[in-house]
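To start, the structure under review is shown below, and the notes come after it.
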Number of protein chains: 2
Amino acid sequence: MSTRDALVEATADLLWERGYSATSPAMILARSGAGQGSMYHHFRGKADLARAAMQHAADEMTTGLETADDPSLPALERVRAFLGSLRDPLRGCRIGRLVQDAEVVDDDDLRGVADQYLHGLEQWVTDVLDAGRAAGELRPDADTAAAAAMVVAVVQGGFVLARARQDAAPQQAAVRGALAALDALAV
Amino acid sequence: MSTRDALVEATADLLWERGYSATSPAMILARSGAGQGSMYHHFRGKADLARAAMQHAADEMTTGLETADDPSLPALERVRAFLGSLRDPLRGCRIGRLVQDAEVVDDDDLRGVADQYLHGLEQWVTDVLDAGRAAGELRPDADTAAAAAMVVAVVQGGFVLARARQDAAPQQAAVRGALAALDALAV
DNA sequence: GTCTATAACGGGATAGAC
DNA sequence: GTCTATCCCGTTATAGAC
C-alpha cells in the first residue's frame with residue numbers, strides 16, 4: 001500500500017473513532033507509520049487529508065450497500081436488509097458522526113462529502129420504495145420520500161441514542177419502530 | 001445574574017454552537033464576561049462546567065416539554081405537538097449533538113447527562129403512547145416502546161440530515177414520515 | 001470572589017536536508 | 001518522497017495579588 005493510501009486509511013479510522021477536531025496530524029502519522037513530510041507532500045493539510053478520508057469511507061459504504069442489495073427482492077425486504085446490516089452502533093456512522101463537528105460543518109468541502117453520502121442513501125431508499133410501489137407492493141398513496149427520510153433519520157438518530165447509552169438496544173428499538181412503519185405501507 | 005450562572009449560560013450556548021471539544025475556556029470567559037479566576041473558583045475545570053451547562057440545558061428542555069404538553073389531548077396530538085416544536089434544525093439538539101464528541105462519550109459524567117435526557121424523552125413518548133393505547137386511541141397490539149424510540153431517533157437523525165444539508169427540509173421530511181407511521185398505529 | 005500573569009503542553013504547519 | 005528539527009499559537013490550568 002502506498003504511503004498516501006496508508007495516510008487516507010489511518011485518517012478514515014481515526015475520524016470514525018475520534019471525529020475530526022479530536023484527531024491530530026500526530027495521531028495520523030503514528031498510526032500510518034508515515035512521517036510529517038509525507039503528509040504535507042501528499043496533502044495540503046489536515047482538512048485536505050480528512051476530505052480524502054471521508055470520501056474514501058463514503059465510497060466504501062456506498063459500494064457495500066450496492067453490493068449487498070438484491071434488486072430482485074421485494075422493496076421492503078431490500079430496506080429491511082439495509083437496516084439489518086448496521087454494524088458498530090456504539091461507534092456511530094462513519095460519516096453522519098462527523099456532521100456534529102463544528103469544524104466539519106464550517107468547511108464546505110468536508111460538509112459536502114457528508115451531505116452527498118447521506119443524500120445518496122436517502123435517494124437509494126426512495127428509489128427502492130418507489131420501485132415497490134410501482135410493483136404494487138406498497139399502497140399507491142405511500143409518501144416514499146418521507147418514509148425514506150424517516151428511515152435514514154432513524155439510522156442516524158439510532159447511532160446517537162446508542163452512543164449516549166453505550167448500548168445497541170435503543171438503536172435496535174428505533175429500527176423495529178421504523179420496520180413496523182414500513183410494514184404499514186404495504187398493500 | 002450571578003457570575004456562576006453567567007458562566008453556565010455562556011457555556012450552554014457555546015456547547016450548542018460549537019460542541020464540547022471546540023469550546024475553550026477562553027471563549028466562555030469572553031462571552032460570560034467573567035475572569036479566569038472566577039471560573040476556576042466555581043468549577044473544577046472545563047468538564048465540570050460543561051456538566052453543569054449540559055444539565056442546565058437538559059432541565060430547560062424537559063421543563064419546556066412538560067409545560068407545552070396538554071395531557072387532556074389525544075396521544076397522537078401530544079406527540080405531534082412535540083414533533084412540531086422542534087426549532088433551529090441547523091443548530092442541532094442541544095444535548096444529542098454532544099454525544100458524537102469523543103471527549104463527551106469518554107467522560108461518564110457528561111455522557112450520563114445526555115443519556116438521562118434522551119432516555120427521559122423516550123420514556124415520555126412511550127408513556128404518552130401507552131396512555132393513548134389504554135384510552136383506545138391506538139391499536140392494542142401497537143409496540144409503543146419501538147414507536148417511541150423511532151420518534152426520538154427521527155428527531156436526532158433529522159438534526160444530522162439538516163446539518164449535513166444546511167437546510168431544514170430533510171428533517172421535516174423525516175418528521176412527516178414519522179407522523180405517517182404514528183397515524184398507522186391509530187385504531 | 002475576582003483579577004492578571006504565567007506555566008506546561010499539544011496542535012498545525014513550515015524549513016530544509018537527504 | 002521522506003525525514004527531522006523547529007516555529008508559532010491556542011488550550012487548560014495554576015499562582016498569587018487584590
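Below, read A as the first sequence line, B as the second, and so on, with proteins coming before strands; counting in each chain starts at 1.
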Let me spell it out: for each of A:P25 and A:G37, pick the nucleotide of DNA chain C with the closest heavy atom. Which residue's pick is nearer the 5' end? A:P25
Side chain of A:R18, backbone of B:A102: donor and acceptor closer than 3.5 Å? no
Quick one: [X] [atom1] to [N] [atom2], roughly how many Å, whole number?
X     : N      : atom1 : atom2 : value
A:H41 : C:dT14 : NE2   : C1'   : 16 Å
A:Q36 : C:dA13 : CD    : P     : 10 Å
A:Y40 : C:dA13 : OH    : C1'   : 5 Å
A:F43 : C:dA13 : CZ    : P     : 13 Å
B:K46 : C:dG10 : NZ    : P     : 16 Å

Count the heavy atoms of every other residue, nucleotide or ligand shown that sit under 6.0 Å from CZ of B:R139, and state whether that count exceeds 12. no
Within a 6.0 Å radius of atom CD on A:Q116, are there more than 12 heavy atoms belonging to other residues, nucleotides or ligands? no
Chi angles and distances behind the side chain to side chain donor-acceptor pair (under 3.5 Å) call for A:Q123, A:H119: CA-CA 6 Å; A:Q123 191 60 54; A:H119 189 255; 4.6 Å; no
Stepwise side chain to side chain contact (heavy atoms under 4.5 Å, CB included) check, A:V187 with A:L138: CA-CA 5 Å; A:V187 289; A:L138 303 186; 5.6 Å; no
Leading and trailing nucleotides of DNA chain D with any atom under 4.0 Å from heavy atoms of chain B: D:dT11 to D:dT14
N/O donor to acceptor pairs below 3.5 angstrom from side-chain atoms of residues 29-42 of chain B, sequence neighbours left out:
from, atom 1, to, atom 2, distance (Å)
B:R31, NH1, B:E17, OE2, 2.7
B:R31, NH2, B:E17, OE1, 3.2
B:S32, OG, B:I28, O, 2.9
B:S32, OG, B:L29, O, 3.4
B:S32, OG, B:A34, N, 3.2

Checking all strands, does B:M39 fall into the base, sugar-phosphate, or nothing category for heavy-atom contacts under 4.0 angstrom? nothing
